[in-house]
Number of protein chains: 2
Amino acid sequence: MHETRSTWRDLQKQQTRQIILEAAKELFETLGYGKTTIRAVAKYAGVGVGTVMSHFKDKASLLSAALMGDWERLIEEVAATTPVDANYRTQLLHAAKIFFEYYARRPSLSRNLLKEAMFSLEVQGPELTAMDQAAREIGVRTLRSAQQRGEIRPDVDCEVMHLALFGEYCFVCTVGLSQPEPDPDQMLAMLESLTDLIARGASPESPGTK
Amino acid sequence: MHETRSTWRDLQKQQTRQIILEAAKELFETLGYGKTTIRAVAKYAGVGVGTVMSHFKDKASLLSAALMGDWERLIEEVAATTPVDANYRTQLLHAAKIFFEYYARRPSLSRNLLKEAMFSLEVQGPELTAMDQAAREIGVRTLRSAQQRGEIRPDVDCEVMHLALFGEYCFVCTVGLSQPEPDPDQMLAMLESLTDLIARGASPESPGTK
DNA sequence: TTCGTTGCATGAACATGTTCAATATACGGA
DNA sequence: TCCGTATATTGAACATGTTCATGCAACGAA
């Protein structure tokens with residue numbers, strides 16, 4: 001991913017970075033994002049305040065870096081557990097469900113990360129861009145397959161449809177995470193009804209049915 | 001809207017509130033949200049720092065209060081300029097256009113207000129709830145009328161459909177406002193394509209006609 | 001009018017994210 | 001081996017949102 005000149009100093013640097021990251025994860029999880037101070041992270045990691053800031057642009061970057069591992073694990077889980085022989089609606093909602101459940105497990109962290117992710121002003125961090133890319137790839141690929149299977153009309157642009165579905169997903173996330181205790185089932189139900197509205201327009205069947 | 005016991009002291013209080021609000025609007029507009037400090041607002045208004053904080057819960061509340069007037073003006077503009085004899089798609093996109101243009105005029109303020117609005121954790125301010133309500137009322141009303149006119153199939157739930165459209169609107173807002181210079185035309189084009197995807201599913205015509 | 005109460009106004013103090021000049025030390029060439 | 005350079009590390013200093021004890025002026029009852 002990133003070339004590391006295997007010099008003694010660089011190893012040292014990567015190690016302190018890891019130490020900081022571990023400390024941050026621990027404190028974020030225990031105290032939540034708001035109550036975790038940079039100073040506390042530094043002290044817990046046994047480094048200076050400035051060291052933390054030299055490794056991570058700001059507190060938000062520290063958060064996204066700390067959650068990077070979780071994120072990758074979720075992507076893997078989605079890839080591993082998605083029912084291959086189900087229709088695209090089921091597949092996408094399954095992926096959403098996995099993420100909703102994670103959000104419910106870490107409301108504070110998810111909330112703040114999403115807040116940052118949505119308004120990645122200026123140069124958006126590489127992590128968030130990666131998140132966006134991953135979602136796009138999964139979404140568009142799933143839709144294309146479904147289209148080839150005839151579940152979606154050929155004249156539908158899968159890129160646009162993914163954008164529409166992803167938009168509803170983000171919307172459900174913001175609404176759901178606005179509550180003190182996000183309810184993944186409720187969020188999923190909401191996403192289902194919104195998804196169906198879009199899916200119906202893309203369906204090859206006559207809309208009169210159902 | 002709010003009963004004021006007409007005592008001398010309360011008038012005084014309302015007046016200082018107004019002065020602070022004017023100062024905030026001026027500075028927010030000139031410097032942008034990030035570069036405007038509470039201290040600067042206080043000094044510009046000729047009051048103490050604590051006075052500002054006693055009138056507004058935090059900086060974000062000050063922003064939403066300062067933009068309240070603009071917001072109401074936009075709502076009025078929407079009500080006054082919406083083409084009554086157009087279909088619901090045109091009507092809703094017209095409303096969106098007015099807001100997009102405003103966002104483009106005040107990128108910094110809009111961005112930060114939206115950021116707050118989307119994640120109204122804890123007790124969300126009355127302003128933001130009002131915004132949400134207004135959008136819902138306009139949206140649902142418009143859709144219901146269209147449904148009665150036969151533009152939307154009778155079995156579609158207008159509440160859900162509004163949620164879907166509003167979700168796409170919010171999504172376009174976040175994507176558009178993430179850019180340094182939001183382009184209202186581009187945002188509108190994006191919203192149009194997403195809206196059409198939903199509208200097609202709700203249309204009484206056969207989807208084959210495109 | 002007088003006096004105790006109420007509540008707005010105030011700025012110093014606090015909490016915390018962020019910056020920066022100084023320091024130490026690994027690095028690579030002479 | 002020795003030295004100049006680059007850079008990781010550091011914590012004090014800074015910027016700024018937020019809190020709080022205090023003062024003071026308006027209020028209303030006696």
Side-chain angles (χ1 to χ4, degrees), chain A residues 2-21 23-24 27-28 31-66 108-109 112-113 115-116 121-123 125, chain B residues 2-21 23-24 27-28 31-66 108 112-113 115-116 119 121-123 125:
Chain A
H2 205 287
E3 288 314 315
T4 65
R5 294 163 292 149
S6 64
T7 145
W8 168 240
R9 186 139 74 177
D10 272 326
L11 287 180
Q12 203 69 359
K13 184 175 179 181
Q14 289 311 312
Q15 188 175 328
T16 62
R17 185 192 151 94
Q18 272 310 312
I19 293 176
I20 293 172
L21 227 39
L27 293 182
F28 278 153
L31 308 174
Y33 182 73
K35 290 196 184 299
T36 300
T37 71
I38 302 279
R39 284 169 180 74
V41 173
K43 182 171 286 184
Y44 194 93
V47 300
V49 194
T51 308
V52 177
M53 299 306 291
S54 79
H55 277 271
F56 303 93
K57 188 175 120 279
D58 52 22
K59 198 183 172 186
S61 301
L62 182 56
L63 174 64
S64 75
S108 166
L109 304 189
N112 285 284
L113 183 61
K115 204 166 173 175
E116 281 312 312
L121 321 171
E122 55 241 36
V123 246
Chain B
H2 205 287
E3 288 312 316
T4 64
R5 295 163 292 149
S6 64
T7 146
W8 169 237
R9 187 141 72 178
D10 273 324
L11 287 180
Q12 202 70 359
K13 184 175 180 180
Q14 289 311 313
Q15 187 176 329
T16 64
R17 186 192 150 93
Q18 273 309 314
I19 292 176
I20 293 171
L21 227 39
L27 292 183
F28 278 153
L31 308 174
Y33 182 73
K35 292 195 182 301
T36 301
T37 71
I38 302 279
R39 284 169 179 74
V41 173
K43 182 170 287 185
Y44 194 93
V47 300
V49 193
T51 309
V52 177
M53 299 306 292
S54 77
H55 278 272
F56 302 94
K57 189 174 120 279
D58 51 22
K59 197 184 172 185
S61 301
L62 182 56
L63 175 64
S64 75
S108 165
N112 284 284
L113 183 61
K115 203 167 174 175
E116 281 311 312
F119 294 91
L121 322 169
E122 55 241 37
V123 246

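A, B, ... follow the sequence lines: proteins, then strands. Residue 1 opens every chain.
Residue B/His55 places no side-chain N or O under 4.0 Å from the OP1 or OP2 atom of C/dC8. Between B/Ser54 and C/dC8 there is no side-chain N or O to OP1 or OP2 distance below 4.0 Å. Look at A/Thr37 and you won't find any side-chain N or O under 4.0 angstrom from OP1 or OP2 of C/dA15.
When the nucleotides D/dA26, C/dT18, D/dA8 are ranked by their closest atom to the side chain of A/Ile38, C/dT18 comes out on top. When distances are taken from the side chain of A/Val47 to each of D/dA26, D/dT16, D/dT10, the shortest belongs to D/dT10. When distances run from any side-chain atom of B/Lys13 to the nucleotides D/dT9, C/dC8, C/dT18, the shortest one goes to C/dC8. Side chain of B/Thr51, nearest nucleotide from C/dC8, C/dG17, C/dT10: C/dT10.
Heavy atoms of B/Ser61 sit nowhere under 4.0 angstrom from any nucleic acid atom.
Heavy atoms only, all atoms of each residue included: B/Ala60 and B/Glu116 are closest at CB-CG, 3.4 Å. Between A/Met53 and A/Asp58, the shortest heavy-atom distance links the atoms CE-CA, 4.1 Å. Pairing each heavy atom of A/Gly32 with each of A/Leu109, the nearest pair is C-CD2, 4.5 Å. Across all their heavy atoms, B/Thr36 and B/Lys59 have their closest contact at O-NZ, 2.9 Å.
Between B/Leu11 atom CG and D/dA25 atom P the separation is 19 Å, expressed in whole Å. Regarding A/Arg39, its CZ atom lies at a distance of 7 Å from the C1' atom of C/dG17, rounded to whole Å. Rounded to an integer number of Å, the gap from A/Lys43 NZ to D/dA12 C1' is 15 Å. A straight line from CH2 of A/Trp8 to P of D/dT7 spans 19 Å, rounded to a whole angstrom. Residue A/Asn112 contributes atom CG, which lies 12 Å from atom P of C/dG17 at whole-angstrom precision. For the pair A/Gln12 CD and C/dT25 P, the interatomic distance rounds to 12 Å; values are reported in whole Å. Here the P atom of nucleotide C/dT16 and the OH atom of A/Tyr33 are 13 Å apart, to the nearest Å. We find that CE of A/Met53 is positioned 11 Å from C1' of C/dT16, with the value rounded to whole Å.
In this structure, B/Val49 and A/Val49 both approach DNA chain C, and ranking their closest nucleotides by distance from the 5' end singles out B/Val49. Between B/Arg9 and B/Asp58, the residue whose closest nucleotide on DNA chain D is further toward the 5' end is B/Asp58.
The backbone N or O of B/Phe56 lies less than 3.5 Å from no partner atom in the side chain of B/Ser61, so there is not a single donor-acceptor pair.
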